[in-house]
2 protein chains.
Amino acid sequence: MQPDQSPPAEDAFSADLLRGHTDTIVLATLRRGDRYGFEIYKAIRDATGGAHEIKEATLYATYRRLTRDGLVEAYWGDESQGGRRKYYRITDAGRAVFRRNVAAWRATRDVVDTLLTDKEPRS
Amino acid sequence: MQPDQSPPAEDAFSADLLRGHTDTIVLATLRRGDRYGFEIYKAIRDATGGAHEIKEATLYATYRRLTRDGLVEAYWGDESQGGRRKYYRITDAGRAVFRRNVAAWRATRDVVDTLLTDKEPRS
DNA sequence: GACAGGTACTGTATCTGATCAACTACTGGA
DNA sequence: TCCAGTAGTTGATCAGATACAGTACCTGTC
């Protein structure tokens, strides 16, 4: 994080702010049905109106991690004459982790909201 | 992050979920007045009822970063006979960055909420 | 006085997720 | 043919968070 005082930035997304959520976001996308890698990339980019983008390399690293941990399963599509597409399917373990992660996210979100709120905690 | 399927965990805080927010949380604390390092540590720990704790080492790394970037100023307290305490004071630049970071947090929060929302886009 | 335990600060090494910067490979259009 | 877009992948690197270890001081207790 550079000092960069310059940009006005209300859309000051920082990669670190999303860090740790990527897995959950991918799992959320896969809950709605199998998707191939680039499709997930586009889905996330479009869901935020292009404001936020998770980089391809980040996502492919995520797929590896999720696959390694058994949270998703990968299989090649049968686009034999088109470009190859690797599809991902969420597993039961993946659904369980997703639910836990959403709970963790909500708890974290509330904690941060509390900590950033200017109100003095009336004791 | 291990596969650890075991713990039930509604309080499943992950360090990475807070990543990038530490600076802002510290700045938020300092907006209410000068604090010394360990005091901030306790303040954050207590503000969440002990549910969340930012590790000392993390905070001291944060102080270094904030000082380096001119967002806070450090000075030694005059506890000449007590244990030394290094106090931190938020600068104008720090206040400006804080405001921007809060905006970024809100935007990020809403993006994550959107992405994790279960609603099927009925087509 | 010795000692435990809490307060307070610091440095070093390591882990991990995110990103950069390439690269391969196919398709369709100008 | 060249280019842009789609699609997947890898290796190097960065930075924040943490583990771990250490220093130093204070208070209360035996």
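Throughout, protein chains are lettered first and strands after them, A, B, ... in sequence-line order, and every chain is numbered starting at 1.
In this structure, B/Y36 does not reach the C/dC9 phosphate: none of its side-chain N or O atoms is under 4.0 Å from OP1 or OP2. Using a 4.0 Å cut-off, some side-chain N or O of B/Y60 falls inside it from OP1 or OP2 of C/dC9. Close to D/dG16, at under 4.0 Å from its OP1 or OP2, lies no side-chain N or O of B/T22. At the phosphate of C/dA8, OP1 or OP2 sits under 4.0 Å from a side-chain N or O atom of B/R85. Proximity of A/T58 to the phosphate of C/dT19: a side-chain N or O atom is located under 4.0 Å from OP1 or OP2. A close approach under 4.0 Å does occur between a side-chain nitrogen or oxygen of A/K42 and OP1 or OP2 of D/dA7. At C/dA18, one or more side-chain N or O atoms of A/R65 fall inside 4.0 Å of OP1 or OP2 (strictly under the cut-off).
Among the atoms of the strands shown, none is found under 4.0 Å from any heavy atom of B/E39.
Put simply, CG on B/L59 is 16 Å from C1' on C/dG11, counting in whole angstrom units. Rounded to a whole Å, the OH atom of A/Y63 is 16 Å from the C1' atom of D/dT10. Going from atom OH of A/Y41 over to atom C1' of C/dA18 covers 14 Å, rounded to whole Å. Taking atom CD on A/E56 and atom P on D/dG5, their separation rounds to 13 Å, with Å as the unit. In this structure, A/D46 places its CG atom 14 Å from C1' of D/dT6, rounding to the nearest Å. Rounded to a whole Å, the CD1 atom of B/I54 is 17 Å from the C1' atom of C/dC9. Taking atom CD1 of residue B/I40 and atom P of nucleotide C/dT10, one finds them 12 Å apart after rounding to whole Å. In this structure, CZ of A/R84 is placed 12 Å from P of C/dT27, rounded to the nearest angstrom.
Set against C/dT19, C/dC9, D/dA15, the side chain of B/K86 has C/dC9 as its closest nucleotide. Picking from D/dA15, C/dG11, C/dT10 the nucleotide with the shortest atom distance to the side chain of A/R19 gives D/dA15.
Note that OH of B/Y88 is 11.5 Å distant from OH of B/Y75, once rounded to the nearest 0.5 Å.
No donor-acceptor pair closer than 3.5 Å links the side chain of B/T67 to the backbone N or O of B/E73. Panel note: side chain A/T62, backbone A/T58; a donor-acceptor pair is recorded below 3.5 Å. Side chain of A/T24 to main chain of A/F98: no donor-acceptor pair is present (N/O by atom type, distance under 3.5 Å, no hydrogens or angles).
Where B/R45 and B/R64 meet DNA chain C, the nucleotide closest to each residue was compared, and B/R45 sits on the side nearer the 5' end. Positionally, the nearest nucleotide of DNA chain C for B/F38 lies more toward the 5' end than for the other of B/F38 and A/H21.
A salt bridge between A/E53 and A/R45 is absent, with no side-chain N of the basic residue lying under 4.0 Å from a carboxylate O of the acidic one.
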